Every structure is written in structure tokens, then in C-alpha cells.
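In what follows, every chain begins at residue 1, and chains take the letters A, B, ... in the order their sequences are listed. These numbers were taken from a predicted model, which means no experiment stands behind them.
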Number of protein chains: 2
Amino acid sequence: MPTRATIIAAADDLFYRQGYAATSFADIATTVGISRGNFYYHFKTKDEILDAVIAERAARTKALLAQWEAESTTPAACLHRFVDIFVVNRAKIMRHGCPVGTLCAELAKLDHAALPDAGAIFTLFRHWLARHLEALGCPEPDAQALHLLARSQGIATLASTFHDEAFIDREIAQLHALIDHIATSPEA
Amino acid sequence: MPTRATIIAAADDLFYRQGYAATSFADIATTVGISRGNFYYHFKTKDEILDAVIAERAARTKALLAQWEAESTTPAACLHRFVDIFVVNRAKIMRHGCPVGTLCAELAKLDHAALPDAGAIFTLFRHWLARHLEALGCPEPDAQALHLLARSQGIATLASTFHDEAFIDREIAQLHALIDHIATSPEA
DNA sequence: GTCTATAAATAGATAGAC
DNA sequence: GTCTATCTATTTATAGAC
């Protein structure tokens, strides 16, 4: 892997696990195994790395959503697949929260110029969810998409605070039931 | 106000608005209008201030919950009062998220020893909500309390990312409706 | 592209005068 | 209790050799 991509991958991981403010250039350089001097050849400022990390995450999200869609046979199956994030990434979410939600929360506090770009990753999920909700006949697909996103964020936040597996199981079951309900009687 | 209390108040506000990692001793000292040297007379480490801030927030939370309870005539009214946080603190939440949720999220990432103490503020809400849900005859008061907390956290996270007032209004209305539904048919 | 060396600024922390 | 002065480590950033 070229150095630039390695740096982005390391920064991506460290920003997720430690947060943006708490991660220094030295942290990243040490993780990658290069000198700080070399580091500055690739990225001049911390903001530049952040932009690259956000772009990388957005690209991965697009690919993931396309994959979910390709592997699902119905709109409802797509929505269930979204909820299954908590099954696949449970351990990470319990330790570090949602990568998108925690980054946006931090950037909002820092009044950081990159907040809209980070929020755009949420928007990818939002539009993807809304598209499948609309396919189900949901009368307010965008509002319902935001609702599902909010529910997921709430679960992630409490999961990383309390580490309560039973709570996560209950909430996931509720989200699956909600999706089933929408699929069955979408006009409700 | 004594200097110590002034420092705690300033740190409380800065931790909320900027985050813990992004706030330096110099930031706090400048805000209070004292020298860094004086600062260290009152607090030896950053962790000590954090502990004091968390203790202060916990005390304020207890007082707030007691006040809500004193001003409400029914358990349902108490629960509605909780949801009204979003009416009272809407502007702040849209800019900086929930003070409890964002602090816990950051401390979880930092693997910080104070995470349980910060989480205990969530627990104050949790037990308070569960008590009033139980009074309504809710069969799983603690699970329902966590559910309400999670819903609130999700709203706060998306609110600080998207700044979408209509979204907040919809979600608040849903929470009020949910509480009404529990109050009307608690066994459901 | 990568390194070492180094600079300048900031952060956390202490000592001692007043 | 508060200040100035000082110290050390870290962080961000640059210059120049290889």
C-alpha cells in the first residue's frame, strides 16, 4: 500500500478510536512507522488528513451501501441489513461509538469547517434508507430515514457508555419490528 | 463566586462547547481571568478538573430532576417534562449536542477512568425515568427508561449535525405521543 | 520519497515571591 | 490566594541531506 493510503488508514483508525483532537501527527506517524518529516511530505496540516479520512469513509460507505443492496432481494431486506450494522460491528461500537456520529459530534463542537463533509456521510445513509422506504410505500420516506438514523445513533451512544448487551439486543429487535411494520402497513 | 467554583463553571462550559481534549488549561485560565500559576493552586491535573465538573453536573442534574418532579402533578407530566429539554435547550443542543452524551462519547474514546462517573449522570436520568414509568404501570420500566434516553441521544446527535428544526419537532412529538401511549395503555 | 535536525508554539506542571 | 518566572514534554511545522 502506498504511503499516502497507509497514513489515511492509520489516521482513520486513530480518529475513530481516540477522537480527532486527541490524535497527534506523532501518533499517526508512529503507527505508520514513518518519520514526522516524511509525514509532512504527504499532508501539510491536520485538517488535510481529516479531509482525506472523510473522503475515504464516504467512499467506503458508498461501496458498503451498494453491496448491501446487491445482496438484498427486497427493500425491506435492505433496511434490515442496515440495522445489522449493530450485529457486525457490535464490539467496536460498544468501545468507540458510531464512527460517523462521534466524528460529527466532535466536529460540531470544534466548529470545524469539515462538519458538512462529515455530515454528508450521514446523508448517504439517509438517502439510501429513504429510497428503500419509498419503495415500500412509506408516505414520508425522508422523515422515516432520519428517524432510523436517530434511533441508531441513540443506541450507539448508550452502548459505548453502558456496555449493556441486553439493551442493544432489545433496541435492535425493536428496529427490525419497526421495519417489518412499515413493510406490512406502509401507510401507517 | 469563589475562584474554585468559577474555574469549575468555566471548565464545565468549555468542555461542553469545545470538548475535553480540545480544551487546555490556558483556555480555562484565560476565561476565568487568572494566571496559569493560580490555576494550579486549585487543580493539580486536568483529570481533577474533569472530576469536579462531572460532580457539579451530577449535582445540577439531581436538583433539576427534583425540580421537575416538584413542579409536575403526575408521573406522565414528569416524563413529558424530560422530553421538553429539547424545547428549553434546543439552541445549545443544536450547536454542541447533549452535554452528557457528548462527554461520555469522548471519555469512552479516551478510555478515560472518569467514564463511569460521567455515565452515572445518565443513570440519574435512567432511574428517575424508570421510577415514573413504573408509577404508570409500565411492565419494563428500566428498559423503557433506557429507550427514552437512547431516543433523546439520537435526536441530539442528528440535531447537532444537521441543524434541522423540523426533524427535532417531529421526534419530540413522537416521544410525547409514546409517553401518552404508555400512560394510557401501560401494559402494551 | 524518506530521513535527520531543528525551530517555534503550546500544553502541562512547579517554585517561589508577594 | 494570586502572581511571575521557569521548566519539561509535546505538537505542529520547516529545512535540507540522502
task: Return the value, rounded to whole Å, for the distance between atom CD1 of B:Ile28 and atom P of C:dA13.
output: 11 Å
message: Here's one to test your reading of the geometry: is the NZ or CZ of A:Arg57 within 45 degrees of the ring axis of A:Phe15 and under 6.0 Å from its centre?
response: no
- request: Would you mind telling me which of C:dG12, D:dT11, C:dA11 lies closest to the side-chain atoms of B:Lys46?
  value: C:dG12
- prompt: So, does A:Asn89 use its side chain to make a donor-acceptor pair with the main chain of A:Lys92 at under 3.5 Å?
  reply: no
query: What nucleotide, of D:dC3, C:dT2, C:dA13, holds the atom closest to the side chain of A:Thr3?
result: C:dT2
- prompt: Under the side-chain contact (heavy atoms from CB on, under 4.5 Å) test, which residues partner B:His163, sequence neighbours left out?
  reply: A:Leu115, B:Met94
- request: Would you kindly check if the NZ (Lys) or CZ (Arg) of A:Arg126 is within the cone defined by 45 degrees around the ring axis of B:Phe162 and under 6.0 Å from the six-membered ring centre?
  value: yes
query: Do B:Ile34 and B:Ile7 touch side chain to side chain, with heavy atoms closer than 4.5 Å?
result: yes
message: Measure CZ/A:Phe25 against P/C:dT10 and give the value in whole Å, please.
response: 15 Å
Length of the line joining B:Glu48:CD and C:dT14:P, which is rounded to integer Å: 10 Å
field: Residues touching DNA chain D, which here means a heavy atom under 4.0 Å, drawn from residues 36-45 of chain B
entry: B:Gly37, B:Asn38, B:Tyr41, B:His42
- request: Determine the contact category for A:Ser24: base if any of its heavy atoms lies under 4.0 Å from a base atom, sugar-phosphate if only primed atoms, P, OP1 or OP2 are that close, otherwise nothing.
  value: sugar-phosphate
task: May I ask you to check if A:Lys46 and A:Tyr20 form a cation-pi contact, with NZ or CZ under 6.0 angstrom from the six-membered ring centre and within 45° of the axis?
output: yes
